[in-house]
Amino acid sequence: MERRMPASENATFAALLIDASGQIITWNSACETVLGIAAADALRQPLTALLSDDSRRHYQLRWTAFPNECDAAELEFVRADGSHHKAALTLLPQFGTDGQLSHCIAIIDAASDESDTAAVGRIPLSSIIDVLPGTFYVLREDGSFALWNKMLEQVTAMSSDEVSRANALDTYDLAEKRIIAANIRNVFEHGIQIMVEANYLDKYGHATPYLLCGARISCRNRHYLCGMGLDISERRTQEERLRLRERALHATSSGLVITRCAGADNPIEYANPAFERITGYGADEVMGRDARFMGVPGMDEDERAQLRAAVRERREVNVAFRNRRKNGDIFWNDLTITPVSDGRGKVTHFIGVINDVTAVKQRTAHLEHEVNHDALTGLANRTLLWDRLEQALHMAQRNKSLVATVLIDLNGFKQINDSYGHEAGDEVLKMVARRLQSSVRESDTVARLSGDEFVLVLVNQPSLRYTLRMIERLRVSMSQPVSFNATDIAVGGSIGVSVFPHDGSGALDLVRAADVAMYHAKAAKTGEVHFFSADMKSTTQAKQKLEDAMRGALEHHEFFLLYQPRICLCRGRILGLEALLRWRHPELGVLAPASFLPEAEENGMIAAIGDYVLDEACAFMQRMNSAGLAPLPVAVNVSQREFCRPGYVGHVAATLEKYRIAPAQLELELREDCLHANQHLAVEVVSQLSELGVLRAVDAFGGGLSNLNFLQKLPLTHVKLAKLATHQITADARSGALAKALIDVGHDLGARVIAKGVETRVQMEFLRNNLCDELQGTYFSAPLAEHALHDLLVAAPAA
C-alpha cells in the first residue's frame, strides 16, 4: 500500500498545457485567479511571456528543452496589473503513443501568496514524517502498518516491504507484547490516548528503549492508531546513573543530608539510611527541619561558629562537634558541607557528609592520655610534667607568685620488690600516687618521673611556710603503710624541694635543684623535708666532679689491680689470690676503694668498674699461666648492681672464654648483705655460677645479721670472715669466740673458711688451732703489684 498522502486537499493550482514549442494551448480557470490574466490573452502565448525578465532567463537556462521527468522551480510571474509574485512551477512531461514527448503540463502553485498557516497546512504529510526525530506510524486495527516513516525502518532494521508485511507487535520483546497489545486495544475500543515505555526490538535482536504515545483517528469510516515514539536511550542511561548514585548514597556508611538554602534556616530535603543509623532519627522525622536541632548547647561553640560562617558565605567547610542522638546519647559528628549551585551559579542547596567519629575521638583521647600519662599510676609522665611545669613558670612570672617543685624518692623500694615481689611494688606505687594526688589541689600536678621517683608541681604558692605545710601533709599521707595480701608494707620517702624563682628560672634547673635536695634528704636518713640551698649545690658539683673523674679514669687506664695471697694454714703454701682495686689519681695520688667505690655504687659507675676489674684479672691469669706458674684462683669482688644485671653469668662466661681461663680459676666474692637484698635472685645467680664452674664466696661473713637458712640454699665454695671477727682475736684467752663460731658455721655450710685481715701471729695461731682453712692479711703479705707477686710465686711456689 502507498504510504504517502497529501496533508491538505483544498489547495488552488493553476494548470496549463504547453506544446512542444512552449506555447500555451489550454489552461484552467485557476490561471485567471492566480495570474489575473484572461484566457484569451494567454492562449497561444509562450509560457515565458508570463515571467519576469530574470525568471525568463532562468527558465531558458534550466529548460532548453522540456524535461523527460517531473521537474520544478520557483519563478517570478507577472500579473495583468504588472505586479510580480513568486510561485512554484512544476513541469510534467506528456508522451504520445510513439513514445515521443508531445506536450507538457505546467502547474503553478500560488502558495507564496498564502499565509504561513495555509502554506504549512498544504505541506504533504509524507514530506513531514521523515524529518521527525522519532518514529511515526499509523496502525490498522489488526496491528498492521498503514503509514510509517524512515525512522521506524531504521530502528527496526526492516525495509519498507518488510514493514508493510509486519505486525506492530512483532517489533517488541515477548515480555512487552501483552502490555503493548492491551494498550492498542484501549485506543481502538475506548479512544484512550496512551503513553508507554517499551523497547523496540530490531530483527537482529537489538533493543532500543522508546517512549511511545498514540491516539485514535478516523478516516473513511475506519479507525486507525496514529502514534509516535521518541528514543529515550540517553534518558535511560541517565536514569540508571541516577539510580546507581542513589543506591550509592543509600549504601554509603557516611550519613548524607541535602538541605535547601532558605534564609536563616536550611531545611533538610534528603537523608540517607546511614544518617538514620547514626542519629537515630528516621528520614520522615527530619524532613523540613534544620539540622541544628541535634546540637548540644554549650559545647563546641567555636566549631559551630565556623559552620555558620561557611553557610552564610556559601563555601565548603569541615568541622567536628558533638550532636545528640534521638535516644539522648552524645556523639562526635565529623561534618563536611559542600554548596551546590544551579545553572546560573546561585547556591540552592548544601550537601552534608556526616561521620560518627566518637570511637576515633575516644581512641585519640586514650592515646593522648597514654602518651602523657604513666601507664601504671595514671599520673602525668615526664613529657606532660615538663609541659605543666613550663606553663606554671609562665603564669608565675606574670602573677609574681612562687612555684614549688617537689621530688620524692621512695625509701627501700627495691627491697620491697625483692621481699614481697613486683606486684607488691606496683601496688605501693599506685597507692602512693593516689595519696599524693589527694593531698594537692586540682591546679597542681603530680607526675611519676621514673621507677620510684615522683615530682609535684605546686603552683601559686604564697609563701615558703605555706609550701612546707602542704608538703608535710602529703609526706604524712604518703608514709602510711600499704596493705598487700594481708601484710602491711612500710612506705617512706626522701623529699627535696626547689622554689621558683629562688632556686632556678627554668624547668630543668628547678628539677635538678629538687633532685639535689632529695639526695641530701636521703643521705640524712631523718625523714625530714629538705629545701634546696647553695651548699647542696656545691656538694652536688663535687659528686659530679668525682663521677666525671671516674669516667676519665676508665678511659685513661688510671685504675690498676694489686694481688694479695691467701695462705693454707695447714701447709703454709699459697692457695689463691684476691684482686684489689686501686686508683692512681692524677691529683690525689693512689686512692683506696673506700674513697670512691661507695659513690660509684650510688651513681651507677660500679658496673663499668666491675667489668674493668674482671677483665684485668682474667688478663693477669692468662699472663701467669703463660709464664708457666701454677694456676691459682683469683678472687674478684662483685657489687650488687653487677650480679643483678640481666645476663651477668653469660658475661662472666664470655670473659673467661675470651682469655681462655678455666672457670675454676676464678672466684667471685659477694657480700652477705647484698645477697640478702634479693634472695630469690641471689640463689638463681649463685646456682648458675656453680653450673659454670666458677668458685663462689660470701665476703664479710658475720659482719652483720646473718640468715643461715638462706645461706644454706646457696652452693658456696668459700666463706670469708669479716675483718671484725679477726681483729677481736687477741692474747686474751677469752677473745676469738666470734671467729670460732663463724668458722664452725662456715664448715657446716660445706665451705672452706678464709680469715681476712690477719695481722699478728696470735691471730694466725688462733685461727689454725680452730681449724680455719686459709688466711689473708699483712701478717703474710701486703697486696702486691704483678711483678712483685711474680717474684714471690717463683720464690715460694703455690701448692
Side-chain angles (χ1 to χ4, degrees), residues 1-13 15 28 30 33 70 88 90 107 109-111 113-203 208-232:
M1 175 179 178
E2 176 61 44
R3 65 183 178 90
R4 303 180 188 274
M5 60 183 293
S8 175
E9 296 180 355
N10 297 321
T12 301
F13 296 96
N28 65 358
T33 303
C70 176
T90 302
I107 299 175
D109 182 358
D113 288 342
E114 297 175 329
S115 65
D116 290 343
T117 301
V120 172
R122 291 194 305 104
I123 297 176
L125 180 60
S126 59
S127 63
I128 294 175
I129 63 175
D130 280 337
V131 299
L132 294 176
T135 59
F136 180 88
Y137 47 88
V138 176
L139 300 181
R140 302 184 183 93
E141 290 193 50
D142 62 359
S144 61
F145 289 95
L147 182 67
W148 64 92
N149 66 353
K150 289 290 186 182
M151 184 58 72
L152 183 70
E153 295 177 1
Q154 292 176 13
V155 75
T156 60
M158 291 191 293
S159 66
S160 179
D161 289 342
E162 288 174 321
V163 174
S164 67
R165 296 192 299 270
N167 188 286
L169 295 179
D170 296 337
T171 60
Y172 302 102
D173 185 79
L174 180 62
E176 295 179 326
K177 281 186 178 182
R178 291 189 299 273
I179 298 173
I180 299 299
N183 279 279
I184 291 175
R185 283 196 304 273
N186 282 332
V187 172
F188 281 110
E189 294 175 4
H190 306 292
I192 297 174
Q193 294 182 349
I194 62 165
M195 185 174 292
V196 64
E197 291 185 15
N199 291 325
Y200 273 130
L201 202 65
D202 68 16
K203 65 181 181 181
T208 306
Y210 261 73
L211 174 62
L212 306 172
C213 60
R216 190 178 70 185
I217 61 173
S218 298
C219 181
R220 298 176 183 176
N221 297 321
R222 296 179 63 184
H223 293 318
Y224 297 88
L225 186 153
C226 180
M228 295 184 64
L230 289 176
D231 187 342
I232 56 172

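Position 1 is the first residue of the sequence; numbering continues from there.
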Rounded distance [0.5 Å steps], [atom1] in [X] versus [atom2] in [Y]:
X      : Y      : atom1 : atom2 : value
Ile179 : Leu169 : CD1   : CG    : 12.0 Å
Glu141 : Ile184 : CD    : CD1   : 11.0 Å
Asn183 : Leu212 : CG    : CG    : 9.0 Å
Asn186 : Ile192 : CG    : CD1   : 4.5 Å
Thr171 : Lys203 : OG1   : NZ    : 14.0 Å

With sequence neighbours left out, which residue pairs that include part of residues 175-197 fulfil the ring-ring contact (aromatic ring centres under 6.0 Å, His included) condition? none

Residue pairs involving residues 159-184 (criterion ring-ring contact (aromatic ring centres under 6.0 Å, His included); sequence neighbours excluded):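 Only Tyr172-Tyr200 qualify under ring-ring contact (aromatic ring centres under 6.0 Å, His included).
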
If we only count heavy atoms from C-beta on, is the [X] to [Y] side-chain gap below 4.5 Å?
X      : Y      : value
Val163 : Tyr137 : no
Pro209 : Asn199 : yes
Asp202 : Thr208 : no

All side chain to side chain contact (heavy atoms under 4.5 Å, CB included) counterparts of [X], not counting sequence neighbours:
X      : result
Met228 : Leu132, Phe136, Cys213
Arg165 : Asp161, Glu162
Ala182 : Arg185
Leu201 : Asp173, Ala207

Would you find a donor on one side and an acceptor on the other, under 3.5 Å apart, between the side chain of [X] and the backbone of [Y]?
X      : Y      : answer
Arg140 : Phe145 : yes
Asn149 : Gly134 : yes
Lys150 : Asp130 : no

Would you name the heavy atoms of [X] and [Y] that are closest together and state the gap between them?
X      : Y      : result
Ile180 : Ala198 : CD1-CB, 3.9 Å
Trp148 : Ser164 : CH2-CB, 3.7 Å
Pro133 : Leu230 : CG-CD2, 4.5 Å
Val187 : Gly214 : CG2-O, 4.5 Å

With sequence neighbours excluded, tell me which residues meet side-chain hydrogen bond (donor to acceptor under 3.5 Å, both in side chains) with Asn221.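 By the side-chain hydrogen bond (donor to acceptor under 3.5 Å, both in side chains) rule, Asn221 matches no residue at all.
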
Name all residues meeting the side-chain hydrogen bond (donor to acceptor under 3.5 Å, both in side chains) criterion together with Asp231; count only those two or more places apart in sequence or in a different chain, and write none if there are none.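 In terms of side-chain hydrogen bond (donor to acceptor under 3.5 Å, both in side chains), with neighbours along the sequence ignored, Asp231 is linked to Ser233.
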
If you look only at pairs with a residue in residues 191-200, which of them pass as a salt bridge (charged side-chain N to carboxylate O under 4.0 Å, His left out), with sequence neighbours excluded?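 Sorted pair list: Glu197-Arg235, Glu197-Arg236.
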
